[in-house]
Amino acid sequence: MIKITLPDGAVREYPEGSNSLDIARSISEGLARKVIAASVNGEVWDATRPIQNDAELRLLTWNDTGGKSTFWHSTAHLMAEAVESVFPGVKFWVGPPVENGFYYDMDLGGRQITEEDLRKLEVKMTELAARQSRFIRKEVPKAEAIHFFREKGDEYKLDLLEQLKDGEITFYTQGGFTDLCRGPHIPDTGYIKALKLTNIAGAYWKGDEKNKQLTRIYGVSFPSKKELDEYLLMLEEAKKRDHRKLGKEMGIYTMDDDVGPGLILWMPNGTIIIEELEKLAKETEQAAGYQRVVTPHIAKENLYLTSGHLPYYQDSMYPPMELEGVKYYLKAMNCPHHHKIFAAEPRSYKDLPLRLAEYGTCYRYEQSGELFGLMRVRCLHMNDAHIYCSKEEFAQEFRAVNEMYLKYFKIFGIEKYVMRLSLHDPANLGKKYINEPELWLETEAMVRKVLQETNTPFVEVSGEGAFYGPKIDVQIWSAIGREFTLATNQVDFAQGRRFKLEFTNRDNRPETPLIIHRAPLGTHERFIGFLLEHYAGKFPLWLAPQQVKLLPISDKYLGYAQTVLESLKNADIRAGIDDRSEKIGKKIRDTELARVPYMLVIGEKEMTAGKVSVRRQGRGDLGEQDVESFIREIKTEIKLRS
RNA sequence: GCCAGAGUAGCUCAGAUGGUAGAGCAGCUGAUUUGUAAUCAGCUGGUCGGGGGUUCGAUUCCCUUCUCUGGCUCCA
């Protein structure tokens, strides 16, 4: 007998070789039906795999992350089985579960796959699932595994095998399909009741663009039809808050083929938001001891040779324009210009920290396939600043920047984000990263220490640093689930020396400052894209392009509405009148849909009493109020940015 | 940049196996003067993304190009 410890601490005894399904069944049949995998001593196992020793057991269902990923991983195998039957001779690479489903990469030998094929594959998969084929696990000696895939002629799996040792190789078979796989899997294919193959994509083998491109098929599956329908509904909902749709609908921005890809034209409504954000940034930065500067959009080649942009960042820059034998580049970052401002005057330790801020316009030649609405563009306006400080001041300054982030996030109600400590990748020193291994390690440790001291939760990722130093990135997700860096806080140990920046320290000696690059509000483009989705277009009052709309019941009250409008405008409130000869219901409907925060209904009653009837978007009628008190209240709401 | 898909009126979408296109909403005009999420009527609006080819004839078929979209690679 073996002792099984359940999550509630209960210890039960079972015959040796019992599996998780048996154990679940001993608790209840209902539970057994829901179990799709199990965590055995912290490791996710097949629910059907025999347990030989005492163990801590946690049964996993669809509602556990481990359960879902097992379910999707198994569906990837089911898809592979279907693909193999429809396209014989196909070679497979890997087929893992992902955040919302699964994919499998394969080499179809030059054959093209169409949307129609996906529908066929779905039918085939449904058919195979209904057979309830068991997933059978088998430990295989390496030699036998190699033999199997040699026979099959699958060089991709042979490549995978190369990194595996004898004794750690397992095969899984379901129906007529056998795959090299670590597992685990669901008990049988019958668990998969609903599925959808969502798209076809190219994916470079091993993620390297120099390698051959394989065909990747994405899909998602569920234990019931109901869950699939809910998922599809959720996708529909997400589409409604897509910033590209809202941006168009609300007159925020547009793009034009003649202007160029990735170049945003901000319309009046979008520009209002930009100006409000800049106002916030200026207030915040002034309070934090920043000074504002303004710099040009271009500079001579030499500046970028000095900064290191040309060797390390050239691919992302627009090609130069040449005038009188001198090459000029559009700036991709503001830092070199700011460094020149630092260098323009002799600096003392007494001037430090020197904080130079600019909403700088940068141009980056992003690859055409990367452009994405407002989130990834080629002309961007960065909430940029550079802080020049001594090593001793660094921790304090870096911490202050982090605190500024959190202050902003509170204002915008940003709760779902991840702080990422982005480090260099030693393999890319001298290529993607400035070749200063010790300085990398030193500054990375400095940043890590600040994060730890401030108890900031973060994840560490290698190979995401800037070319001049490590950074903290704040990751957010778009409505359709794509991940982006919203804000960034970077250390730069390289450019100070490259630009020969110096200040005179207390010992009357020249010293090179450390530089912090920071952009808590990221860029206008990405930030407003994010805000559109975050608020689903329903901006808080202070950001709303139009804050108040006056809705006269009929033309008779237009005159009174005009006087109210004047009062609002005098109070710097963005307001307008709906003077169409429509019924009030229509005016309300249109204004609600336009997401204007406040509506003021004006008719006989209001005109006589010198009042307005206030209606809040999404909330409905709030009753009558004096014009003056209404203005006072919303001025407060605007001022507090609540 | 690579793989795949899409581009018809301002928006959402129909449509023709090749004979130059239609609806709703929006817009405009008129009627209506309205009390908290759609008043009625009429009208305007499109070289069916651009260029080239095949054809008596192309928005439809072919080629090419641009843009957008889903991924890959890359990144604020």
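Chain A is the first sequence line, chain B the second, and so forth, proteins listed ahead of strands; every chain is numbered from 1. All values below were derived from every heavy atom in this structure, side-chain atoms included, with hydrogens, water molecules and symmetry-related copies excluded.
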_Using the P atom as the point on both nucleotides, what is the distance between B:rG27 and B:rG10, in whole Å?_
14 Å
*Ignoring hydrogens and angles, state whether a donor on the side chain of A:Glu278 or A:His381 is under 3.5 Å from an acceptor on the partner side chain.*
no
*Name the pairing partner of B:rU34, where a pair is Watson-Crick or G-U wobble with both distances under 3.5 Å, or state none.*
none
*asked:* For A:Phe467 and A:Tyr312, take the angle between the two ring planes, folded into 0 to 90°, and tell me which bin it lands in: parallel under 30, tilted 30 to 60, perpendicular over 60.
replied: parallel
*Nearest-angstrom distance, C1' atom, B:rC66 to B:rG51*: 10 Å
*Distance between the P atoms of B:rA21 and B:rG35, in whole angstroms?*
44 Å
*Inter-nucleotide C1' distance (B:rG15, B:rU54), Å rounded*: 24 Å
*Please state the C1' separation for the pair B:rG45 and B:rA9 - nearest whole angstrom.*
6 Å
Without placing hydrogens or testing angles, list every side-chain donor-acceptor pair under 3.5 Å for residues 267-276 of chain A, not counting sequence neighbours.
{"unit_1": "A:Asn269", "atom_1": "ND2", "unit_2": "A:Met250", "atom_2": "O", "d": "2.9"}
{"unit_1": "A:Thr271", "atom_1": "OG1", "unit_2": "A:Met267", "atom_2": "O", "d": "2.9"}
{"unit_1": "A:Glu276", "atom_1": "OE2", "unit_2": "A:Arg574", "atom_2": "NH1", "d": "2.8"}

*What distance, rounded to whole Å, do you find between the two P atoms, one in B:rC56 and one in B:rA14?*
34 Å
*When you get a sec, tell me which of B:rA76, B:rU33, B:rG35 is the closest nucleotide to the side chain of A:Ser581?*
B:rU33
*Expressed in whole Å, how much space separates the C1' atoms belonging to B:rA4 and B:rU20?*
32 Å
*asked:* Counting C-beta onward and ignoring hydrogens, is there a side-chain heavy-atom pair between A:Lys331 and A:Tyr304 closer than 4.5 Å?
replied: yes
*Base, sugar-phosphate, or nothing: which does A:Gly603 touch, judged by heavy atoms less than 4.0 Å apart?*
base
_How many whole angstroms separate atom CD of A:Glu525 from atom P of B:rC75?_
19 Å
*If you pin A:Ile200 and A:Ala466 to their nearest nucleotides in RNA chain B, which one's is more 5'?*
A:Ile200
*Answer with base, sugar-phosphate or nothing: what part of the nucleic acid does A:Lys206 contact at a heavy-atom distance below 4.0 Å?*
nothing
*Rounded off to whole Å, could you give me the CG-to-P distance for the A:Asp257 and B:rG49 pair?*
12 Å
